Amino acid sequence: MKTETRYWLMKSEPESYSIGHLKKDRKTAWNGVRNYQARNFMRDMKIGDQILFYHSNCKVMGVYGVAKVASAPYPDPTQFDPKSHYFDTKATKAKPIWDLVDIAYVSMFKEPVTLIDIRATPSLKSMIILQTGSRLSVTPVDPAHFNTILALAKRYM
DNA sequence: GCCAACGTTGGC
DNA sequence: GCCAACGTTGGC
């Protein structure tokens with residue numbers, strides 16, 4: 001059977017959930033995504049897919065480490081919870097709207113590969129997160145880009 | 001804190 | 001179905 005690993009980038013504001021949190025938790029349900037395109041990307045995910053973990057909206061923005069997809073996509077439970085910030089009145093258990101995957105900690109870089117580093121690397125110019133106005137919190141990543149980011153992370157090691 | 005870019009909502 | 005108004009994201 002053909003199994004091809006795919007690569008993704010997921011953004012998180014470190015104040016709400018950082019790679020440090022993921023390291024401690026080891027695994028987490030990536031709930032709260034309320035954008036159709038991002039949701040569709042998560043629906044495409046397979047267990048074992050590799051994820052660049054990106055910190056947004058913070059002092060040093062960039063990729064801080066690697067995670068991996070740890071579950072098949074399933075309905076985000078927070079959409080059914082009236083007390084949740086992510087509650088969606090239009091979602092029912094029979095007809096869920098929002099899906100998510102579990103992600104598991106893989107590694108944390110010694111130093112982040114910063115947004116500045118990424119912008120300064122010509123071969124990474126076509127990454128989706130660099131495109132102006134790109135606000136997607138989940139994006140697919142080209143395998144070559146993934147490897148380049150890992151190589152940049154190893155500079156310090 | 002500002003604001004550009006984007007997605008969503010709702011009136012028509 | 002259009003589009004103005006609004007809310008959010010996220011880099012700077």
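So that the names make sense, note that chain A is the first sequence line, chain B the second, and so on, each numbered from 1. Both backbone and side-chain heavy atoms feed into the values below; hydrogens, waters and symmetry mates do not. Values in this document were obtained by computation on a predicted structure and should not be read as measured data.
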| query | Among side-chain atoms of A:Asn147 and A:Tyr7, is any donor-acceptor pair under 3.5 angstrom? | reply | no
| Is it true that a side-chain atom of A:Arg34 and a backbone atom of A:Tyr86 form a donor plus acceptor pair closer than 3.5 Å? | yes
| query | Is the backbone of A:Gly20 close enough, under 3.5 Å, to the side chain of A:Tyr17 for a donor and an acceptor to pair up by distance? | reply | no
| request: Have a look at A:Arg119 and say if it touches a base, only the backbone sugar-phosphate, or nothing, with a 4.0 Å heavy-atom cut-off. | output: sugar-phosphate
| query | Any chance the side chains of A:Asp49 and A:Trp8 put a donor and an acceptor closer than 3.5 Å? | reply | yes
| Integer-rounded Å distance: C:dC12 P and A:Ile129 CD1 | 11 Å
| said: With rounding to the nearest 0.5 angstrom, report the CH2 to CE distance, A:Trp98 to A:Met42. | reply: 9.5 Å
| field | First encountered from the 5' end of DNA chain B, between A:Thr132 and A:Lys90 | value | A:Thr132
| field | Nucleotide-resolved protein contact map, nucleotides 2-10 of chain C, B/S/- at heavy-atom distance under 4.0 Å | value | -----BBBB
